[in-house]
> 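Have a look at the structure that comes next, please.
Quick caveat: nothing in here was measured; it's all calculated off a predicted structure.
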Amino acid sequence: MNIFQIELTEQEAKIYDKVMEKVDETAAFLAGLSHEERLDWLKEHQYIHPISFEREIGGTIYTVNAHFSKGAETADGKVNRILNQNITL
């Protein structure tokens with residue numbers, strides 16, 4: 001097992017703590033919802049902007065485009081496939 005340790009500045013540590021507090025609050029909130037309510041909440045809060053964007057770095061403009069195949073493997077399917085491949089009885 002690999003273990004990584006990073007050192008944060010005081011300001012970075014405060015930001016990290018606030019983010020983790022919000023993550024914990026949101027997880028607790030979602031745990032109290034029914035399956036249908038969670039799906040509705042996630043649909044309301046999903047990222048609505050396109051993933052494609054342009055950035056200028058050193059005078060050069062880079063364009064990033066994201067494409068998703070409709071027939072692609074789902075995240076659930078991929079996780080299950082990986083777990084099933086790595087489980088030995």
Side-chain angles (χ1 to χ4, degrees):
M1 172 170 53
N2 295 325
I3 297 175
F4 296 93
Q5 180 177 343
I6 60 171
E7 293 186 22
L8 302 175
T9 65
E10 187 175 332
Q11 182 181 6
E12 290 169 335
K14 286 180 184 178
I15 292 169
Y16 174 81
D17 290 342
K18 286 180 185 178
V19 169
M20 292 310 297
E21 183 179 320
K22 187 64 176 174
V23 167
D24 290 342
E25 288 173 7
T26 303
F29 170 76
L30 291 173
L33 298 178
S34 69
H35 178 74
E36 292 79 18
E37 290 170 326
R38 272 194 305 277
L39 288 176
D40 290 341
W41 185 91
L42 291 168
K43 286 176 187 174
E44 282 181 29
H45 292 85
Q46 70 183 4
Y47 190 71
I48 60 171
H49 302 290
I51 299 175
S52 304
F53 60 90
E54 289 186 349
R55 287 279 157 55
E56 182 178 347
I57 302 173
T60 302
I61 297 176
Y62 296 91
T63 302
V64 177
N65 294 304
H67 301 278
F68 300 95
S69 170
K70 291 187 187 261
E73 183 176 24
T74 65
D76 281 348
K78 188 168 194 161
V79 168
N80 285 327
R81 180 177 52 79
I82 291 169
L83 290 173
N84 288 331
Q85 286 176 346
N86 292 314
I87 293 176
T88 57
L89 300 174

> Should the heavy atoms of other residues, nucleotides or ligands under 6.0 Å from CD of Gln11 be counted, would the total exceed 12?
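It does not: Gln11 CD has 12 such atoms or fewer within range.
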> Just how far is it from atom CG of Leu30 to atom CD of Glu25, taken to the nearest 0.5 Å?
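Rounded to the nearest 0.5 Å, the CG-CD separation comes out at 12.0 Å.
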> Tell me the side chain to side chain donor-acceptor pair (under 3.5 Å) pairs involving residues 12-24, sequence neighbours left out?
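Found Thr9-Glu12.
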> Is there a path of hydrophobic side-chain contacts, each under 4.5 Å between heavy atoms of I/L/V/M/F/W/Y residues, joining Leu42 to Leu33?
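Looking at the clustering, Leu42 is in the same group as Leu33.
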> Show which residues join Ile57 in its hydrophobic cluster (side-chain heavy-atom contacts under 4.5 Å, direct or indirect), or state none.
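Under the 4.5 Å side-chain rule, Ile57 groups with Tyr62.
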> Looking only at heavy atoms, what is the nearest atom pair of Ser52 and Ala66, with distance?
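Residues Ser52 and Ala66, closest heavy atoms: OG-N, 3.4 Å.
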> Check whether more than 12 heavy atoms from other residues, nucleotides or ligands sit under 6.0 Å from atom CD of Glu10, and answer yes or no.
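No.
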> Report whether Val23 and Ile15 are members of the same hydrophobic cluster (ILVMFWY, side-chain heavy atoms less than 4.5 Å apart, transitive linking).
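Result: yes, single cluster for both.
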> Identify, with sequence neighbours excluded, every residue that meets salt bridge (Lys or Arg N to Asp or Glu O under 4.0 Å) alongside Glu73.
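Listed in chain order: Arg81.
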> Determine, using the 4.5 Å side-chain heavy-atom cutoff (strictly less than), whether Met20 and Ile6 are members of one ILVMFWY cluster.
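Met20 clusters together with Ile6.
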> Kindly compute the distance separating OG1 (Thr63) from CD (Glu54), expressed to the nearest 0.5 Å.
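The CD atom of Glu54 is 3.5 Å from OG1 of Thr63, to the nearest 0.5 Å.
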> Heavy-atom count check: over 12 atoms from other residues, nucleotides or ligands less than 6.0 Å from His35 NE2?
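Counting other residues, nucleotides and ligands, NE2 of His35 stays at 12 neighbours or fewer.
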